[in-house]
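Notes follow once the structure below has been shown.
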There are 2 protein chains.
Amino acid sequence: MLDLPDDILEPPGRSPVARDVAHRAGVSTATVSRVLNGSAGVRADKREAVMRAAQDLGFVANGAARALSTRRFMAVGAVVPNIENEAFVRVLSSVQDRLRQADYTLIAANAGYDLEDELREATFLLERGIDGLMLVGDIHHPDLHARIARSGIPMVQTFSLSREHPCVGFDNAASAARAANYLMDLGHRRIGVISGLRKDNDRGGARVTGIAQALAARGLRLAPEHDIEISYGIGGGRDGFRQMLAGGPPPTAIICGTDQIAFGAMIEARARGISVPGDLSVIGHNDSDFAPFLDPPLTTIRIHSVEIGHAAGDHLIARIQGRPVVRLTEIDAELILRASTAPPRRGAG
Amino acid sequence: MLDLPDDILEPPGRSPVARDVAHRAGVSTATVSRVLNGSAGVRADKREAVMRAAQDLGFVANGAARALSTRRFMAVGAVVPNIENEAFVRVLSSVQDRLRQADYTLIAANAGYDLEDELREATFLLERGIDGLMLVGDIHHPDLHARIARSGIPMVQTFSLSREHPCVGFDNAASAARAANYLMDLGHRRIGVISGLRKDNDRGGARVTGIAQALAARGLRLAPEHDIEISYGIGGGRDGFRQMLAGGPPPTAIICGTDQIAFGAMIEARARGISVPGDLSVIGHNDSDFAPFLDPPLTTIRIHSVEIGHAAGDHLIARIQGRPVVRLTEIDAELILRASTAPPRRGAG
DNA sequence: TGGCTATCTGAAAGCGCTTTCAAAAACCGC
DNA sequence: GCGGTTTTTGAAAGCGCTTTCAGATAGCCA
């Protein structure tokens with residue numbers, strides 16, 4: 001019988017397991033595990049042997065077995081309202097940055113601004129055994145927190161602040177109010193809002209509330225015909241602005257829920273010969289890539305998605321590893337002034 | 001002693017396992033498993049009892065244990081070059097659509113147009129035990145396919161066609177050539193290209209090659225000073241076009257690697273008083289949301305990302321389930337004509 | 001009622017890794 | 001060279017689920 005090396009006898013199709021490595025290195029699986037997990041207390045020569053054997057065999061530990069044994073899945077879930085929204089994509093990728101550094105994986109899911117769907121997606125992730133969960137906002141299905149609690153994993157909410165749950169975000173009402181105050185300081189008195197869907201969306205709702213309160217604080221009010229709710233997107237922005245013009249005297253300034261909406265509104269304005277910022281000041285939300293390149297460049301509320309993501313990732317990792325964390329992290333939004341805002345024309349207010 | 005219901009006595013902190021359900025329903029764990037996995041051959045009354053017990057306890061099967069036992073992780077990985085690119089986001093979300101229908105999860109990772117990083121990310125996913133893998137393009141790290149093969153899971157490439165590997169995509173060279181031919185049919189003879197980074201990017205490379213060949217077929221050539229490579233984004237497009245103008249007589253038409261790049265080029269053109277499409281025709285790639293809303297609306301090559309994602313998802317699921325599949329699925333791109341293209345000014349060609 | 005199938009069911013054996021525990025080996029000072 | 005430590009090490013017991021296999025039940029017909 002020929003004396004073939006082990007690796008040729010290795011039956012193909014079956015990937016090597018710890019026992020194979022142990023066998024080849026002449027140790028037990030316990031030692032293999034110790035070496036591969038970097039734990040101390042293995043003599044240098046054995047450690048070497050194991051390393052080489054693992055290398056030769058192309059050994060890759062079975063994740064499921066490891067998860068079962070350690071009770072750690074090494075993955076964190078995130079459910080966002082809309083995976084095509086720039087802000088959420090940025091958060092996902094920055095959360096992932098941090099998770100990767102701790103050897104965790106991110107599993108993302110889409111809830112489509114629907115609480116039932118959000119519950120379904122989160123449950124799905126929970127069943128998978130995720131070790132932590134990131135959500136957006138403070139409004140969720142009534143059963144969601146109970147399920148999360150039962151699973152015993154850490155959860156963090158993002159993009160808004162919460163009284164009850166750990167969170168990383170900012171005060172949506174206050175930042176939108178800041179935009180409204182800025183417009184009022186410029187002299188505007190008829191200010192409109194075009195927001196995305198507000199149902200089950202505390203961020204959108206809070207922003208409008210914040211604006212209404214800021215107006216009220218200066219004796220103005222948000223006219224119902226200037227308070228428009230549309231579905232997201234450029235088309236939505238166009239429709240929304242058109243709708244706003246249909247009701248009485250036009251506003252001299254508008255605050256939009258996203259930069260896309262603002263873009264749409266500006267297109268509609270141009271189509272109607274309304275000049276921006278001459279006749280109409282426009283403020284967006286998010287500071288998307290294209291905002292500085294619109295004509296005129298868009299004044300917008302920059303949401304620090306990347307920082308939010310990093311903080312949320314760090315928060316989850318810390319709690320998973322049992323380290324202490326602060327319950328609430330505020331990462332304030334910032335008003336970026338560009339050319340789409342200006343004082344109203346004389347006598348227009 | 002008080003006669004408390006079971007669920008109050010349940011020690012908190014330990015989530016219920018199959019044995020608890022079995023115990024409560026008065027059956028074995030084997031039967032619990034059979035009921036929960038919908039397999040036939042369990043008498044109605046026992047089935048009922050198990051269902052109720054699981055419900056009462058809020059039982060959720062441990063994913064790791066299940067994965068270990070079935071050798072199925074119920075997750076598919078996807079590595080894309082840039083998770084912030086609209087086309088890739090759409091593909092991810094449409095792949096996920098299909099995976100969810102088969103109860104699979106998608107785990108997405110970002111490779112940042114770097115083969116080493118792509119290898120690292122893919123390896124990371126492979127180690128996690130994914131059941132299938134989606135990649136973008138046909139150029140990868142030399143070791144990648146070997147690792148995938150060793151893991152024994154199905155893989156599918158997207159966005160381009162491949163001679164060697166299963167794929168869902170289209171002929172990038174041919175579709176870009178179509179755009180070039182369209183421009184030449186309009187009468188253009190000086191045609192330029194602004195593409196994203198071409199290194200390790202077969203799609204970008206193929207598009208430029210396709211254009212060059214189409215030009216050559218009609219006795220024209222792609223002048224080196226009209227062949228610009230930039231990093232993606234609106235800013236990149238601006239810079240790219242500026243750079244192109246610096247070298248000799250300007251082109252009368254350009255084809256851009258993405259709509260963002262086209263947007264940037266149009267901004268730069270406007271800034272210099274070059275009218276589109278009067279002095280310059282512009283074609284983009286992807287048909288992004290904003291393309292129809294630019295001024296003028298952008299002619300672009302629409303890539304059917306959603307269909308590609310669905311086909312890729314179906315392909316992977318089919319192979320995971322051992323069903324036969326076609327190796328190559330072509331989902332052709334489409335030239336969408338809008339107002340950013342027109343015949344060149346008389347005498348300009 | 002008895003004999004023979006066709007259904008159901010539970011015990012038990014994994015899946016591949018980690019981790020405990022006790023034994024073995026190595027080390028140390030005298 | 002010896003008793004007492006201190007390291008290293010491997011055997012074995014899980015982790016929680018699926019699945020096989022054989023025994024228990026139920027169903028059916030004569």
Side-chain angles (χ1 to χ4, degrees), chain A residues 10-11 13-51 53-54 57-74 103 126-131 151-152, chain B residues 11 13-51 53-54 57-75 103 126-131 151-152:
Chain A
E10 205 66 51
R14 191 181 67 83
S15 42
V17 297
R19 196 211 314 258
D20 300 329
V21 176
H23 197 255
R24 187 178 238 259
V27 301
S28 71
T29 61
T31 297
V32 170
S33 173
R34 282 190 273 256
V35 170
L36 267 29
N37 292 301
S39 85
V42 176
R43 233 173 40 213
D45 57 336
K46 302 231 171 194
R47 155 167 270 115
E48 280 280 298
V50 170
M51 298 282 242
L57 262 32
F59 172 74
V60 172
N62 176 312
R66 171 174 282 167
L68 180 57
S69 189
T70 59
R71 280 97 179 297
R72 287 264 169 106
F73 183 50
M74 299 305 282
D103 267 330
L126 254 17
E127 285 177 0
R128 283 277 179 288
I130 50 166
D131 302 309
S151 78
Chain B
R14 192 181 66 85
S15 42
V17 297
R19 196 211 314 259
D20 301 327
V21 176
H23 198 254
R24 187 177 237 257
V27 300
S28 71
T29 61
T31 298
V32 170
S33 172
R34 280 190 274 256
V35 170
L36 267 29
N37 292 300
S39 84
V42 176
R43 232 172 42 212
D45 57 337
K46 301 228 172 197
R47 153 167 271 116
E48 280 279 299
V50 170
M51 298 282 242
L57 261 32
F59 171 74
V60 172
N62 177 311
R66 172 176 281 167
L68 180 57
S69 184
T70 59
R71 278 90 182 303
R72 287 265 169 105
F73 183 49
M74 300 307 281
D103 268 330
L126 253 18
E127 285 176 0
R128 284 276 177 287
I130 51 167
D131 302 309
S151 79

Response to the item:
In whole angstroms, the gap separating P of C:dT7 from CZ of B:Arg47 amounts to 16 Å

Discussion item. Just the rounded figure in Å: distance from C1' of C:dC17 to CG of A:Leu57.
Written reply: 16 Å

Worksheet item: Checking all strands, does A:Val42 fall into the base, sugar-phosphate, or nothing category for heavy-atom contacts under 4.0 angstrom?
Response: sugar-phosphate

Worksheet entry | Nearest-0.5 Å distance that lies between atom OG in A:Ser28 and atom NZ in A:Lys46 | 8.0 Å

Item to complete: Would you indicate, yes or no, if D:dA11 has its OP1 or OP2 atom less than 4.0 angstrom from a side-chain nitrogen or oxygen of A:Ser28?
Response: no

Response to the item:
Here the distance between atom C1' of C:dC27 and atom CZ of A:Arg43, to the nearest Å, is 12 Å

Worksheet entry | Nearest-0.5 Å distance that lies between atom CG in B:Asp103 and atom CD in A:Glu127 | 8.5 Å

Worksheet item: Atom CG of B:Leu36 and atom C1' of D:dG16: how far apart are they, to the nearest Å?
Response: 13 Å

Worksheet item: Counting only non-hydrogen atoms, which of residues 62-73 of chain B are less than 4.0 Å from DNA chain D?
Response: B:Asn62, B:Ala65, B:Arg66, B:Ser69, B:Thr70

Item to complete: Provide, to the nearest angstrom, the distance between the CG atom belonging to A:Asp45 and the C1' atom belonging to D:dT8.
Response: 11 Å

Response to the item:
Here the pair of heavy atoms bringing A:Asp20 nearest to A:Ser15 is OD2-O, 4.4 Å

Worksheet item: So, A:Ser69 side chain and A:Ala65 main chain: donor-acceptor pair closer than 3.5 Å or not?
Response: no

Worksheet item: With respect to A:Val21, which candidate in A:Leu36, A:Val32, A:Val27 satisfies the side-chain contact (heavy atoms from CB on, under 4.5 Å) definition?
Response: A:Val32

Worksheet item: For A:Lys46 and C:dA24, what is the distance between atoms NZ and C1' respectively, to the nearest whole Å?
Response: 11 Å

Practice prompt. Round to a whole Å and report the spacing from CZ of B:Arg19 to C1' of D:dC17.
Written response: 11 Å

Discussion item. The side chain of A:Ser33 is closest to which nucleotide in this list: C:dA11, C:dT19, C:dG16?
Written reply: C:dT19

Item to complete: Would you indicate what B:Val27 reaches in the nucleic acid, counting non-hydrogen atoms under 4.0 angstrom: base, sugar-phosphate, or nothing?
Response: sugar-phosphate

Worksheet item: Hey, is the side chain of B:Thr29 poking within less than 4.0 Å of OP1 or OP2 on D:dC17, counting only N and O atoms?
Response: no

Item to complete: Give a yes or no on whether the backbone of A:Phe73 and the side-chain of A:Arg128 come within a donor-acceptor separation of less than 3.5 Å.
Response: no

Worksheet item: How close or far is atom C1' of C:dG16 from atom CE of A:Met74, stated in whole angstroms?
Response: 17 Å

Response to the item:
Here the pair of heavy atoms bringing A:Pro16 nearest to A:Leu57 is CG-O, 3.3 Å

Worksheet item: At under 4.0 Å between heavy atoms, what does A:Ala61 touch on the DNA or RNA strands: base, sugar-phosphate, or nothing?
Response: sugar-phosphate

